[in-house]
Number of protein chains: 2
Amino acid sequence: MPGRRKITLKDVAAAAGVSPTAVSRHVNGRIDLPAETAERIDSAIRRLNYRPNARARHLAMGSTRTLGFITTDIGYPFFAAIASAAEEEVAKSGFSLAVFNSRNHVDRELLFLSKIEDGQLDGALFMTNHVDDGTLRDAINHCGKVVVLDEDVPGAKAPRIFVDNEAGGLIATRHLIAQGHRRIAFVSGPEGMTSSCERFSGFRAALGEAGLVVDPDLVCFGVYEEASGSEAFQQLWRGPIHPTAILATADLLAIGILRATRAAKIKTPRELSVIGFDDMLHMDLLDPPLTAVRQSIHELGRRGARVLLDLLAGTADTDVIERVPVELILRGSVAPPKSAVGPARLVKLAAGGEPR
Amino acid sequence: MPGRRKITLKDVAAAAGVSPTAVSRHVNGRIDLPAETAERIDSAIRRLNYRPNARARHLAMGSTRTLGFITTDIGYPFFAAIASAAEEEVAKSGFSLAVFNSRNHVDRELLFLSKIEDGQLDGALFMTNHVDDGTLRDAINHCGKVVVLDEDVPGAKAPRIFVDNEAGGLIATRHLIAQGHRRIAFVSGPEGMTSSCERFSGFRAALGEAGLVVDPDLVCFGVYEEASGSEAFQQLWRGPIHPTAILATADLLAIGILRATRAAKIKTPRELSVIGFDDMLHMDLLDPPLTAVRQSIHELGRRGARVLLDLLAGTADTDVIERVPVELILRGSVAPPKSAVGPARLVKLAAGGEPR
DNA sequence: CTGAAAGCGCTTACAG
DNA sequence: CTGAAAGCGCTTACAG
C-alpha cells in the first residue's frame, strides 16, 4: 500500500490518463464525456478513494456553501425550532447551516455578521432581540446577504420574514374580551421593538373595538426573557388594580408569569388568564395548558432560508417582506374572569334558560 | 473612490511598503515588528478596510475552524440545549459550530460525517438514536476526529461523553420503590442501544435490592420519540396487569405517556406515577410537573466540545470516556400508588401518630 | 529578522 | 470538445 498522502484531482487525472480539467468537469457534471472515458475516471476515483477537497473548492469558487444562523441562543426551543426548519431547507440545496449564539450582545452579533465579509459564510439568517441603535443596520447593509427574521432591524436593506404581529395581538385580545375580560394587561419585550409595537397595536385596536382604552398601569415592557415575565407580574400585582388577564407577547414571558403566579398562590386561569405568543413545543402540556398565538415557526425558518437562498442566487430582492400568518390556539390558560359575567355566559342564559 | 475590487493581503503589503509575508505574520501575531512598521501596516489595513479572506486561510492552513454537530433534530429541546452549550465552548476557541439534522437516518449521518473527510469540517460531535449495524462505527473510524455524545456507537475509536445511565435507572427506580410502588414499568428506546441497556441495568438492580424481579410484560422498548411513549402506555394498559408507575428513559417518552394518560382519562400521578429522563427545559411546568433524572445537558455539550477541541489539538486520546453525573429531580408526577400503603406513610404513622 | 517563492487543491477563462 | 495554465488569497518552509 502506497504512502497515505492525500489523493488529489491530479492523481485521479494521472491514473485515468486525462487532464485535471476533465476530471473536475466530470465530477461536477459540467461535461458529457464519452462513456469509456467517464468510466475510466470513475474507476480511478473509486480505486484511489478520491474525495474532492471542499476547502480548495471554496476558495476557487468563492463560496463556502455555509449559511449562518445568528440568534440569541439556540438553546431556546423557539429559536431551535426555527433553526431546524431552516437547516432542513438549506440542506436541500447542499448548504450547511452554522449556528451562532449572540446571547443578545451586539458585539457578538457584529462578530458573527463579519464572517460574511470574511467569506466564511455565504450569508446569514439573522435574529436579534434588542433595539438597534443603528449599529446592526449599518453592519447588515455593509455585508449584505442577510435576511432578517422575526424581529426587525429598522433601515436594514435586507429581506424580512415576520409574523403578522398586529393580527396576533388583535385576535388574542379579542378572545380575552369575548371571555368577559375588561382589565387586560399587556406584557411585552422592549418597547422600541417592532414585534412589541405591532403586537401592541393589535392589542389597542381590539380594546378599541370593545369601547375600551389602554390603561398605562397595565402595560409592561421589558425583555423577552422568562424573568421579565415574572417581574411584570409582580409589578402588576403591586399596582392599584389587578388585571384579570394578561396578554404576554412571548411564551417565555407567559412562562415567567405562570411561575410567578405559583409563587404568589394565584390560580390560573381562575384568578388570572394568560395568553402566550409563539406556541413553542409542549406548551399544551403546561399547567395550565397555554393558550397562545401560534407563529408558524416552521414556516418562518423555512421561508427565511428560502429567501436567503434566492437572494444569493440573485432571484430575490432585498426589499421583500413576507408575513407568515398567526393563529390563536385555544387552551386552558384562559377562562372568564371570576367576578364578571362574560358574554359567553350571557348567551347561554339567553339561549338555554337556567344553566346547570 | 477606486474600483470595488476585493482588498487582499498583497494590497496591504504594497500600501505599507512591506512584504505580504510580513503582513500575514503581523496579522496573525506571529511576529514582533518594529513599532513603526507595525503601525504602517495597521494603518494600511484600516485605510483599505482590509479583511483577511477566511477561505484562503482555510485552504492554506488545512483547517476550516468549523466543527459539526450531528444530531437527530436540533429542533428538540434536549439536543438544542446540548448544541447551545457546545457552541459556547467552541466559540471560545474561535471555532464555529455547524448543525446537521440527521433525522436519525444513517445515510444522512454518513453524509454529514463525510464532511470531515472533505475538509469542510475539522471534526464533529456526533449523536445518534438508533442501533448501529457497524456502518456508523466504520465511518467514524475512517474519518476520525469525532466525539460520540450521549449514546454509544460500539466499536468506534472515538472519545465518548455519556451520562451515568445505570445510576440514573437506579435512583429513579429506588425512588419509585420508596414511594411504595411494586409494579413498575420500564419504557425505553431501542432495546440494543447502550442508553437503554444501561438504564435497564439500573432499573433491574433497584428492583433486585427490593427483592423484586423484572416483569417482562412491563418492559417496552421502542424508539426515543413521543409517539413511542404513547404506544407503550396503550400497550401496557391493554396488558393483564397495569403498572402503578412507569420509568421512561427519556422526557419525550414521558411526555408521550402523559398525553396518552389524558386521552385515557387516567390521572397522573394518582393512578399512575411517571418519571422521565433528561429534564429538558420547562419540564417543571408540565401538568403534572415531571419528576425526572436530570442529565447535566449543559455539561454534556460543554465537555463534548472540550474533548473534541483537545482531540484536534492532539492533547486528548480517542479512548477517553467521560461520564457526567445524573441527579433525580423530585416533582409532582410521582406519588404513592393509591392502593398501597407506602413506606413514606408508614413512617409518618410511626413518627407522628394520626396523620391529618 | 526578512522576503521571494512555492504550495494548499481546486475551477475556469482562454487558446488550440 | 479538450487541456495547459492562471488564478482564488492566504501561509510557511526556505534561503539570504
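To find a chain, count down the sequence lines: A is the first, B the second, and so on, and within it residues start at 1. Computed from a predicted model, the values in this text were never measured in an experiment.
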Self-check item: Residue B:T21, side-chain atoms from C-beta onward, closest of C:dA4, C:dC10, D:dA5
Solution: C:dA4
Practice problem: Kindly point out which of C:dG9, D:dG9, C:dA5 is positioned nearest to the side chain of A:T8? | Solution: C:dG9
Quiz item: Which residue, B:L59 or B:P20, contacts DNA chain C at a nucleotide closer to its 5' end, judged by nearest heavy atom?
Solution: B:P20
Self-check item: Between P of D:dC8 and CG of A:D118, the distance in whole Å
Solution: 19 Å
Quiz item: Please give, in whole Å, the distance from C:dT11 P to A:R65 CZ?
Solution: 12 Å
Quiz prompt | Presence of A:R30 side-chain N/O under 4.0 Å of C:dT12 phosphate oxygens OP1/OP2 | solution = yes
Quiz prompt | B:N53 side chain near D:dC8 phosphate (N/O to OP1/OP2, under 4.0 Å) | solution = no
Quiz item: Using purine N1 to pyrimidine N3 plus N6-O4 or O6-N4 for Watson-Crick, or N1-O2 and O6-N3 for G-U wobble, both under 3.5 Å, which nucleotide pairs with D:dA13?
Solution: none
Quiz item: A:H58 NE2 to C:dT11 C1': how many Å, rounded?
Solution: 13 Å
Quiz item: OP1, OP2 of C:dG3 versus side-chain N and O of B:S19: anything below 4.0 Å?
Solution: yes
Quiz item: Does any nucleotide pair with C:dA4 by Watson-Crick or G-U wobble geometry, both distances under 3.5 Å, and what is it?
Solution: none
Quiz item: Applying the side chain to side chain contact (heavy atoms under 4.5 Å, CB included) test to B:S63, which of B:D122, B:L312, B:L121 qualifies?
Solution: B:D122
Quiz item: Under 4.0 Å: is that the gap between some side-chain N or O of B:S24 and OP1 or OP2 of D:dT11?
Solution: yes
Practice problem: Look at A:E36 together with A:R40 and state whether they make a salt bridge at an N to O cut-off of under 4.0 Å. | Solution: yes
Quiz item: Quick one: B:R25 CZ to C:dC1 P, roughly how many Å, whole number?
Solution: 10 Å
Quiz item: Is A:R51 side chain donor-acceptor paired with the C:dG9 base, going by distance under 3.5 Å alone?
Solution: no
Self-check item: Minimum-distance nucleotide (side-chain atoms of A:P34 versus D:dT2, C:dG9, D:dA13)
Solution: D:dT2
Quiz item: Within this structure, what is the CD-to-P distance between A:E36 and D:dC1, rounded to whole angstrom?
Solution: 18 Å
Quiz item: Quick one: B:L9 CG to D:dT12 P, roughly how many Å, whole number?
Solution: 12 Å
Quiz item: To the nearest angstrom, how far is A:M61 atom CE from D:dC8 atom C1'?
Solution: 12 Å
Quiz item: To the nearest angstrom, how far is A:Q120 atom CD from D:dC10 atom C1'?
Solution: 14 Å
Quiz item: Is it true that A:D73 and A:R103 make a salt bridge, defined as a side-chain N closer than 4.0 Å to a carboxylate O?
Solution: no
Quiz item: Is there a side-chain contact between B:F95 and B:E89, using heavy atoms and a 4.5 Å cut-off?
Solution: no
Quiz item: Checking all strands, does B:D32 fall into the base, sugar-phosphate, or nothing category for heavy-atom contacts under 4.0 angstrom?
Solution: nothing
Quiz item: Can a salt bridge be assigned to the pair A:R46 and A:D42 using a cut-off of 4.0 Å between side-chain N and carboxylate O?
Solution: no
